[in-house]
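Proteins get letters first, then strands, A, B, ... in listed order; numbering begins at 1 in each. All values below were derived from every heavy atom in this structure, side-chain atoms included, with hydrogens, water molecules and symmetry-related copies excluded.
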Amino acid sequence: MVRTRFAPSPTGYMHLGNLRSALYTFLFARANNGKFILRIEDTDRERYVEGAVDVIYRTLKSIGMDWDEGPDIGGDYGPYVQSERKDLYLPYAKELVKKKKAYYCFCTEEELQQRRDEAAARGETFKYDKHCLHLSEEEVQARLDAGMPYVIRQNVPEHGEASFDDVLYGHIAVDCSDLDDMILIKADGMPTYNFANVIDDHTMGITHVMRGNEYLSSTPKYNLLYDAFGWEKPVYIHMTPIMRDATHKLSKRDGDAYFEDYINKGYLKEAIVNYVALLGWNPGDEREFFTIDELIKAFSVEGMSKSPAIFDVNKLTWMNAEYIRRLTPEQFTEYALPYYEKAGVKTDHTDVLARILQPRTEVFTQIPEMVDFLAALPDYDVELFTNKKSKTNPEVAAKVLDMAIAALEALPDWEEQQIHDTLLNLAAANEMKNGTMLWPVRIAMAGKQVTPGGAIEIAVLLGRDESLRRLKAGREKLN
RNA sequence: GGUCCCGUGGUCAAGCGGUUAAGACACCGCCCUUUCACGGCGGUAACAGGAGUUCGAGUCUCCUCGGGAUCACCA
């Protein structure tokens, strides 16, 4: 039975890189009919952010990533919050001490820092010299009894090789002499992240450890621990980071590294997930659009990339536009409504608005500037009436507007089809291009060169009174 | 600096010894058209460099270069 876990620290919002890692971890579990476990790693009180756990829950749920075991729903391997597991680790470390795979160390931070500085001065890389490993058992016991603060360190063999196999990267081996005796238990009795991770993953029965690339070089050390305990090692799958550019990770400093940032900017969560899934993974065919269920069906580690991917807002935006176009008009309106309000646009014709806006909206936040002219006619220059292709200019426009105003005023009902037929028949009757008729009408009603939709849709949205008022005002300008 | 990892167009990314080196985004052009979009058609553009192995190398090996990660009582 495959068991994977996502183990975020509650330090704020959901970083896109984290989100993608969580997604792949989730997909892998689901694709293999396994369990997906959520574990909260909150041992760092300094970085703990109030409410961050809820953000994690909410975000994962909202995109359809449900977990089988976790702090909120429990499970057979709890607790699932690391701070509640704090008493679990020390006995394991002591077991290692018994096996001579770890040892008590009484060196203080100051002493270590001094030795580190000295090493740096000599241009060497500092490595703990196993000073305390050579203490006699009696000496150790005496210091323990005296209540001296201590730390427990891993006893890495001086020679030989430490290695592991990664599904993506293959066999990775390092020489033990390059490894430092890392601290397992800190002076405050708490485990270090590395140690807690190993213990948690093992005791929770995690079969596949999926995590960021940055652990690639420390994993051999982890495996030494598994060997020391005599535990079966998990399968490792290391995942690449998402980059801002060739040399920098997407980071909070960029101000656009978080899932929430993009939601606020008017992106659809489905589009973000879809895009991010494809950054670093490909399904092996030409498909680009996936629901979460489709991702589960299509996912496999073979499609995962070994090199980092640069985040391209451009493509996200394109994909978001595609998702927007696939919405029903009703769904579109639901998303767009707050933005209509923001622009001060009130209309009963949300169907018409959806029709003209849906193919033109890449991101919802673009909507206000596209529709603001409906709420208030902008000041505009009569030169806007000039358009070569439509064969119109202020003089032509004056004539066209006279005709249009007369014809539209005579309309029994202010209804789209009627407005359309009236205007086009008028153009035909006067032997002019449709554009020659419609350009001035649109400009007079909108007061700007570029508008979503054409003269007819705008007339419907504005309604009879406002349309005619604007047309007349436009005509006035041309005197 | 030591160790480890990565390297196909601007970006994502197919390719797993024999291809005219896919596709998508972006960009450019044309068509459609009532402005702008949407849509349709077409185009520019890549194997980091060098040695080897091989009849044949983007694919295998080595070196160089470039980039990243890691070397904490932080996670």
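In this entry the distance linking CD of A:Glu286 with C1' of B:C25 reads 14 Å, nearest Å. B:C4 atom P lies 15 Å from atom CG of A:Asp165, rounded to whole Å. Atom NZ in A:Lys221 sits roughly 13 Å away from atom C1' in B:C4 (whole-Å rounding). Rounded to a whole Å, the CD atom of A:Glu302 is 17 Å from the C1' atom of B:A13. Taking atom CG on A:Asp285 and atom P on B:G23, their separation rounds to 15 Å, with Å as the unit. Going from atom CD of A:Gln113 over to atom C1' of B:C71 covers 14 Å, rounded to whole Å. In this structure, A:Leu179 atom CG and B:C4 atom C1' are separated by 11 Å, rounded to whole Å. B:A13 atom C1' lies 13 Å from atom CE of A:Met319, rounded to whole Å.
Each salt bridge (Lys or Arg N to Asp or Glu O under 4.0 Å) pair with one or both residues in residues 380-405 of chain A, not counting sequence neighbours, appears once here: A:Asp402-A:Arg475. Pairs passing the salt bridge (Lys or Arg N to Asp or Glu O under 4.0 Å) check and including a residue from residues 301-327 of chain A, sequence neighbours excluded, read A:Glu288-A:Lys315, A:Glu322-A:Arg325, A:Glu322-A:Arg326. Residue pairs meeting the salt bridge (Lys or Arg N to Asp or Glu O under 4.0 Å) criterion with at least one member in residues 431-444 of chain A: none, sequence neighbours excluded. Residue pairs meeting the side chain to side chain donor-acceptor pair (under 3.5 Å) criterion with at least one partner in residues 161-171 of chain A, sequence neighbours excluded, are A:Asp165-A:His171, A:Asp166-A:His238, A:Tyr169-A:Asn213. Counting only residues at least two apart or in different chains, ring pair (Phe, Tyr, Trp, His ring centres under 6.0 Å) contacts with residues 414-437 of chain A are absent.
When the nucleotides B:A22, B:G1, B:U70 are ranked by their closest atom to the side chain of A:Ser217, B:U70 comes out on top.
When both pairing distances are held under 3.5 Å, B:C16 makes no Watson-Crick or G-U pair with any nucleotide shown. Of all nucleotides present, only B:C41 satisfies the Watson-Crick or G-U wobble test against B:G29, with each distance under 3.5 Å. With both pairing distances under 3.5 Å, B:A48 is matched to B:U64 as a Watson-Crick or G-U wobble pair. Across all strands shown, B:A69 is found opposite B:U3 as a Watson-Crick or G-U wobble partner, with both distances under 3.5 Å. Judged by Watson-Crick or G-U wobble contacts below 3.5 Å, the nucleotide B:A24 has B:U11 as its partner. Pairing partner, B:A57: none, since no Watson-Crick or wobble contact has both distances short of 3.5 Å.
Remark: A:Lys130 fails to qualify as a cation-pi partner of A:Tyr103 under the 6.0 Å distance and 45° angle criteria applied to the six-membered ring.
B:G7 and B:A13 have their P atoms separated by 11 Å, with the value rounded to a whole Å. Going from the C1' atom of B:C27 to that of B:A45 covers 10 Å, rounded to whole Å. For B:C25 and B:U20, the P atoms lie 26 Å apart once the distance is rounded to whole Å. The same atom, C1', is picked in B:C4 and in B:C16; the two are 24 Å apart, to the nearest Å. If you take atom P in B:A69 and the same atom in B:C30, they sit 45 Å apart, rounded to whole Å. Separating the C1' atom of B:U70 from that of B:C12 is a span of 27 Å, rounded to the nearest Å. If you take atom C1' in B:U54 and the same atom in B:C60, they sit 10 Å apart, rounded to whole Å. Taking atom C1' on both nucleotides, B:G29 is separated from B:C65 by 38 Å, rounded to a whole Å.
Between A:Trp318 and A:Phe289, the two ring planes are tilted [angle within 30° to 60°]. Using a 30° and 60° split on the angle between ring planes, A:Phe364 and A:Tyr339 fall in the parallel class, below 30°.
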Side-chain donor/acceptor pairs under 3.5 Å, residues 186-196 of chain A, sequence neighbours excluded:
| from | atom 1 | to | atom 2 | distance (Å) |
| --- | --- | --- | --- | --- |
| A:Asp188 | OD1 | A:Met190 | N | 2.9 |
| A:Thr192 | OG1 | A:Ile183 | O | 2.8 |
| A:Thr192 | OG1 | A:Leu184 | O | 3.4 |
| A:Tyr193 | OH | A:Asn197 | ND2 | 3.3 |
| A:Tyr193 | OH | A:Tyr215 | OH | 3.3 |
| A:Asn194 | OD1 | A:Tyr222 | OH | 2.6 |

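Distance alone, capped at 3.5 Å, places no donor-acceptor pair between the A:Asn320 side chain and the A:Leu316 backbone. A donor-acceptor pair under 3.5 Å is absent between the side-chain atoms of A:Asp256 and the main chain of A:Asp261, judged by distance alone. Without hydrogens or angle criteria, A:Thr365 side chain to A:Gly266 main chain gives no donor-acceptor distance under 3.5 Å.
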Checklist outcome for this item: Whether each nucleotide of nucleotides 32-39 of chain B has a protein heavy atom under 4.0 Å at its base (B), only at its sugar-phosphate (S) or at neither (-) is summarised, 5' to 3', as -BBBBBSS
Next on the checklist: I'd like to compare against my own output: the B/S/- annotation of nucleotides 5-12 of chain B with a strict under-4.0 Å heavy-atom distance to protein.
Outcome noted: SSS---SS
Distances for protein N or O near nucleotides 57-64 of chain B N or O, under 3.5 Å:
none

Could you run down the sub-3.5 Å N/O contacts of the protein with nucleotides 47-49 of chain B?
none

Taking only nitrogen or oxygen atoms into account, show me every contact under 3.5 Å that the protein makes with nucleotides 73-75 of chain B, one pair per line with its distance.
| from | atom 1 | to | atom 2 | distance (Å) |
| --- | --- | --- | --- | --- |
| B:C73 | O2 | A:Ala187 | N | 2.7 |
| B:C73 | N4 | A:Cys107 | O | 3.2 |
| B:C74 | OP2 | A:Lys186 | NZ | 3.0 |
| B:C74 | O2' | A:Asp44 | OD2 | 3.0 |
| B:A75 | OP1 | A:Lys186 | NZ | 2.5 |
| B:A75 | OP2 | A:Tyr193 | N | 3.3 |
| B:A75 | O2' | A:Ser9 | OG | 2.7 |
| B:A75 | O2' | A:Arg47 | NH2 | 3.4 |

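Residues A:Val273 and A:Phe290 fail the side-chain proximity criterion, which asks for heavy atoms closer than 4.5 Å.
The NE2 atom of A:His159 sits 8.0 Å away from the OG atom of A:Ser177 when rounded to the nearest 0.5 Å. Summarising the geometry, atom CZ belonging to A:Phe373 is positioned 7.5 Å from atom CG belonging to A:Leu461; distances are rounded to the nearest 0.5 Å. Put simply, CE on A:Met319 and CG on A:Asn274 are 4.0 Å apart, with the number rounded to the nearest 0.5 Å. Atoms OH and OH, from A:Tyr262 and A:Tyr275 in turn, are 9.0 Å apart once rounded to the nearest 0.5 Å.
Between the side chain of A:Thr247 and the base of B:G67 there is no donor-acceptor pair of N/O atoms closer than 3.5 Å.
Shown here are the side chain to side chain donor-acceptor pair (under 3.5 Å) partners of A:Asp117, two or more places apart in sequence or in another chain: A:Gln113.
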